[in-house]
Amino acid sequence: MSRYTASEIESKWQKAWEEAAIFEAKPDQDKPKYYVLEMFPYPSGKLHMGHVRNYTMGDVIARHKLATGHNVLHPMGFDAFGMPAENAAMASGGHPKDWTYGNIDTMVEQMKPLGLSLDWSRMFATCDEDYYGQQQALFLDFLEKGLVYRKNAVVNWDPVDMTVLANEQVENGRGWRSGALVERRELTQWFFKISDYSEELLSALDGLENWPAKVRLMQENWIGKSRGLQFGFKRTDGGEDITVYTTRPDTLMGASFVGISPDHPIAKQLEAESAEVAAFVAECRKGGTTEEAIETGEKLGYDTGIRVTHPLDPNWELPVWIANFILMDYGTGAIFACPAHDQRDFEFATKYDLPIIPVFEDPKAEGPLTEAYVPTKAEKVRYVKGFAGSAEQTGEEGVNTAVDKAEAEGWGEGVAKFRLRDWGLSRQRYWGCPIPVVHCDDCGVVPEKKENLPIALPYDEDGKPIDFSVPGNPLDRHPSWRDCKCPNCGKPAKRETDTMDTFVDSSWYFARFTAPKAETPTDLDAAKYWMNVDQYIGGIEHAILHLLYSRFFARAMEITGHLPEKSKEPFDALFTQGMVTHAIFENAERKDANGRTIYHYPAEVEERDGGTFVKETGEKVNVIPSAKMSKSKNNVVDPLAIIDAFGADTARWFVLSDSPPERDVEWTASGAEAAHKHLSRVYRIAAEAAAATGDGQGDDELLRETHKAIRDVSAGVESFGFNASIAKLYGFTNTLAKSKAGAKAKQEAAKVLAQLMSPMTPHLSEAMWDLLGGEGLVATAPWPVADESLLVEASVTLPIQINGKRRGEITVPKDMDKAEVEKLALAHEAVVKALDGGQPKKVIVVPGRIVNVVA
RNA sequence: GCCCGCGUGGUGGAAUGGUAGACACAGGAGACUUAAAAUCUCCAGGCCUUAGUGCCGUGCCGGUUCGAGUCCGGCCGCGGGUACCA
């Protein structure tokens, strides 16, 4: 009998699929279309287990849909712009383009053996001139519709390297290469007007029923709609009013001071006038630009000397402070602080000795405040300085009362604000899509003409490869690329040297897949046929930015005529898989030459003497469990080793089994071998069934078990319960192995087993199908349907509980009525004993489930 | 800091508010074999000098319920996001 040899089977059937071209997607009006998409990878050059898990899940869906009669689009590409390529060029020479395309070749080579049902003919990379040229065309169309504009924004600035840093390049407030303290600096940059769509992006979330609730909630919080009061504080020096926005106007009588952002116009004016203010503002601008850095950094304040009057009491003066934790981007960049009811204001007031005036009290509590009292808006509190007398109100009611009063008296108005800021897309980098505009001394900022697209990245500089060892953006110092003619007046002009955020690249690739070679960004007919993405699969780490930006882009593309109306929400269903995690191994004894932590690969370390050590040097290693697999942390497991040893089906089976798809999975090497053993066993069982002859017993029972397996495995596949499907397949395999049924019955059951396994282990299933005389390819054979009449059970076993604890069980006919079941239960030995002749207080009978006797 | 998620045996995990630990990994015992590998069968949450089907048990504390891993409140721990990583 032939043995299971994965390498032979897998190459044989991959070739068969390719020859039959069954995964090439062509529009077909006679079949329902199904577009399944996994988030495309960054071409790091190394396929890791997270990729394998992600693509295998998508492949299970795609293959199941193919078998259930759908016309499936299942494409793959690469999110190929971005900093790692430039970092690599800086670290070890070479060119980002060569590095990236080399990695893409490597990754395609690593992916092909997995046997994914991908339409490779549609593959592209976002760094293809063809792709980013179309992206430039989109940019120009957006510009024309007013969806793009320029304004100032802050970036992380490294004063030693004289370059902009990404947040990840800022470590503890210092530049990762230079070690210099990072500053916030303002540059003029391009922005997408995503904030115009705040309300729509928020309300449309309700329609995304097949998205995880947690992703919708995360986006809702991110968009951050709030209702509040906007009003002006009058300056005692006669200057222009300071407009503030507050979500808690009910605390206005507890106001202690007015705070403005260091980037507020008043602060900027003072900065120009006073060296002291300039020094303070400069201090505020030290540190990174991330929300986290600003929130967790030390709270700093500076009393400007400006005084304002309280809107409800002209004799009440409040000081105006510049505070480093106030963001210019949110609200009006100015607040009033009520330290009694805001923890941050409380700390600030305590530090700078400002008054703390309670507005309301906890109806249940007493004593002076030692920290801010911050009840939720739904909680009832007793107002002592509110707007509705001393009534007990919820915060919500208090806010409404305050807004009503302000509007009635005409000194303020209720407004809605959003946390969502416009999307800054400018990056001061080389390896990205050039922003297709020209700066002309006479005409200003001029869009490139579409016929001049693509504005391609220059590969050389004066005939030599671009030098990435010099700090700064190579495009900035590339005269022959930078110098151009104004598309408007024809005079000498200069190109924009900023490139686009890589999130732009990934915000429309799903649309490009529907017509990857079109000479416009999309082909509307193809988009109408294939869109929307029926099932999108990717990591939860993309829950906010990528998915929100794509939703915005789909709307912008609809407005500019590149997508149909129905594609405003481009992803009908979303599934967020968990991450594949793995322990990190940190060298505990030394750092690298730049003082940074050294991370070791799993293969480089060993466990001994109760510790973990580097094999070669014997250095001690700190083990940090369950961290996201990340290239920079060197905790990436190589799936190719498993494929080499056991074959792709084993790797696929293994990543789907055990862990539920939405949960993180900690990678451990053990288990892959066991998966392989199981697949070998399945192959052997199929081979035995194929060779079997004669009659047996229990054909009907095997048939019933087969149909149960069809029902349960199908349900698992349809609901992303792949681990549940696999558990059922184990069970069904055991049943088949032990069955005494006749040859014909066993062969039919084994064929069903091959079909049910085919989305997960497609090669093995083809081999089994072939062995058992199945017609054609199992990949295209119609998916089996469970016969309901075979699934009905005649009797059911009910547990009997006494006071909620299991004390026995009874087996009764499935349809026995409740009274009859109760009678039987009360006659049960354990119940009789427990009642000891008395009457039960209560008997609960849940048909088909349980009986609980309360004694 | 803020937002989101997760926490069940030695391990991965199962369980529409209804028998906690399905299915598997690692482990143990046995069968087959000259032997090994492979394969097959069985055992397996913890506790106890009472081995009962007894008590305890789903991160911790409390609540709702006839009944809570599941729902609610409060903690603790871990992970993700935090707008220039992708």
State, without any angle test, whether A/Asn152 and A/Gln189 hold a side-chain donor-acceptor pair at a distance under 3.5 Å. no

Can you figure out which of B/A20, B/A83, B/A86 approaches the side chain of A/Arg806 most closely? B/A20

Would you say a side-chain N or O of A/Arg681 is under 4.0 Å from OP1 or OP2 of B/C40? yes

Taking only the P atom of each, what is the distance from B/A44 to B/G10 in whole angstrom? 16 Å

Using a cut-off of less than 4.0 Å, is there contact between a side-chain N or O of A/Lys842 and OP1 or OP2 of B/C66? yes

In whole Å, what separates the P atom of B/G46 from that of B/U11? 12 Å

Pick the P atom in B/U58 and in B/G9, then give their distance to the nearest Å. 9 Å

Report the residue (A/Phe503 or A/Ala674) whose heavy-atom-nearest nucleotide on RNA chain B is the more 5′ of the two. A/Ala674

Could you check which nucleotide pairs with B/C71 in any of the strands shown, counting Watson-Crick or G-U wobble with both distances under 3.5 Å? B/G63

Would one find a side-chain N or O of A/Asn221 under 4.0 angstrom from OP1 or OP2 of B/C4? yes

Side-chain donor-acceptor contact under 3.5 Å, A/Asn167 with A/Thr289: yes

Among the candidates B/C2, B/C66, B/A86, find the nucleotide nearest to the side-chain atoms of A/Val854. B/C66

Given B/C55, B/C85, B/U19, the nucleotide with the shortest approach to the side chain of A/Glu168: B/C85

So, is A/Arg663 near the phosphate of B/G7, with a side-chain N or O under 4.0 Å from OP1 or OP2? yes

Counting only side-chain N and O atoms of A/Lys677, is one of them less than 4.0 Å from OP1 or OP2 of B/C40? no

Side-chain polar contacts of residues 675-682 of chain A - donor-acceptor pairs under 3.5 angstrom, sequence neighbours left out - could you list them?
{"from": "A/Ser680", "atom 1": "OG", "to": "A/His676", "atom 2": "O", "distance (Å)": "2.9"}
{"from": "A/Arg681", "atom 1": "NH1", "to": "A/Asn734", "atom 2": "OD1", "distance (Å)": "2.8"}
{"from": "A/Arg681", "atom 1": "NH2", "to": "A/Asn734", "atom 2": "OD1", "distance (Å)": "3.2"}

Starting at atom OH of A/Tyr330, determine the distance to atom C1' of B/C2, rounded to an integer number of angstrom. 12 Å

Counting only side-chain heavy atoms from C-beta out, which of B/C84, B/A24, B/G18 sits nearest to A/Val846? B/G18

Answer yes or no: side-chain N or O of A/Gln428 and base N or O of B/C84 forming a donor-acceptor pair under 3.5 Å. yes

Which listed nucleotide (B/C84, B/U82, B/U19) is nearest to the side chain of A/Leu545? B/U82

Is A/Arg421 close enough to B/A83 that one of its side-chain N or O atoms is under 4.0 Å from OP1 or OP2 there? no

Closest nucleotide among B/C66, B/C4, B/A14 to the A/Asn852 side chain: B/C66

Measure from CD1 on A/Ile544 to P on B/A83 and round the result to the nearest Å. 10 Å

Just checking A/Tyr132 against A/Phe81, ring centres under 6.0 Å apart? yes

If only side-chain N and O atoms of A/Ser659 are considered, is one of them under 4.0 Å from the OP1 or OP2 phosphate oxygen of B/G12? no

Checking only heavy atoms, does the side chain of A/Glu541 share a donor-acceptor pair with the base of B/C4 at less than 3.5 Å? no

Please find out if less than 6.0 Å separates the ring center of A/Phe40 from that of A/Phe510. no

Would you say A/Asn734 places a side-chain N or O within less than 4.0 Å of OP1 or OP2 belonging to B/A24? yes

Among the nucleotides B/C23, B/A86, B/U41, which one has an atom lying closest to any side-chain atom of A/Lys738? B/U41

For B/U33, what is the paired nucleotide under Watson-Crick or G-U wobble rules, both distances under 3.5 Å? none

Determine whether A/His51 and A/Met107 make a side-chain contact, defined as any pair of heavy atoms from C-beta on separated by less than 4.5 Å. yes

Within the pair A/Asn723 and B/C23, is there a side-chain N or O less than 4.0 Å away from OP1 or OP2? no

Can you tell me whether the side chain of A/Glu292 and the base of B/G81 have a donor-acceptor pair closer than 3.5 Å? no

From the list B/G1, B/C84, B/A24, which nucleotide is the closest neighbour of the side chain of A/Tyr730? B/A24

Return the nearest nucleotide to the side chain of A/Met218; candidates are B/U19, B/C4, B/A86. B/C4

Could you say whether A/Ile540 or A/Lys728 is positioned toward the 5' end of RNA chain B, judged by the nucleotide with the nearest heavy atom to each? A/Lys728

Using atom C1' in both nucleotides, what's the gap between B/C3 and B/A20 to the nearest angstrom? 33 Å

How many whole angstroms separate atom CZ of A/Phe654 from atom P of B/A24? 15 Å

Near-ring test A/Tyr549/A/Trp423, centroid separation under 6.0 angstrom: yes

Applying the 3.5 Å cut-off to both distances, the Watson-Crick or G-U partner of B/G77 turns out to be B/C6

Which nucleotide, B/U19, B/A24, B/A83, lies nearest any side-chain atom of A/Thr290? B/A83

Distance, P atom - from B/G7 to B/G17, rounded to whole angstrom: 15 Å

Separation between the P atoms of B/G12 and B/G63, rounded to whole Å: 31 Å

Any donor-acceptor pair under 3.5 Å joining the side chain of A/Arg849 to the base of B/U16? yes

Cation-pi geometry met for A/Arg216 and A/Trp211 (6.0 Å, 45°): no

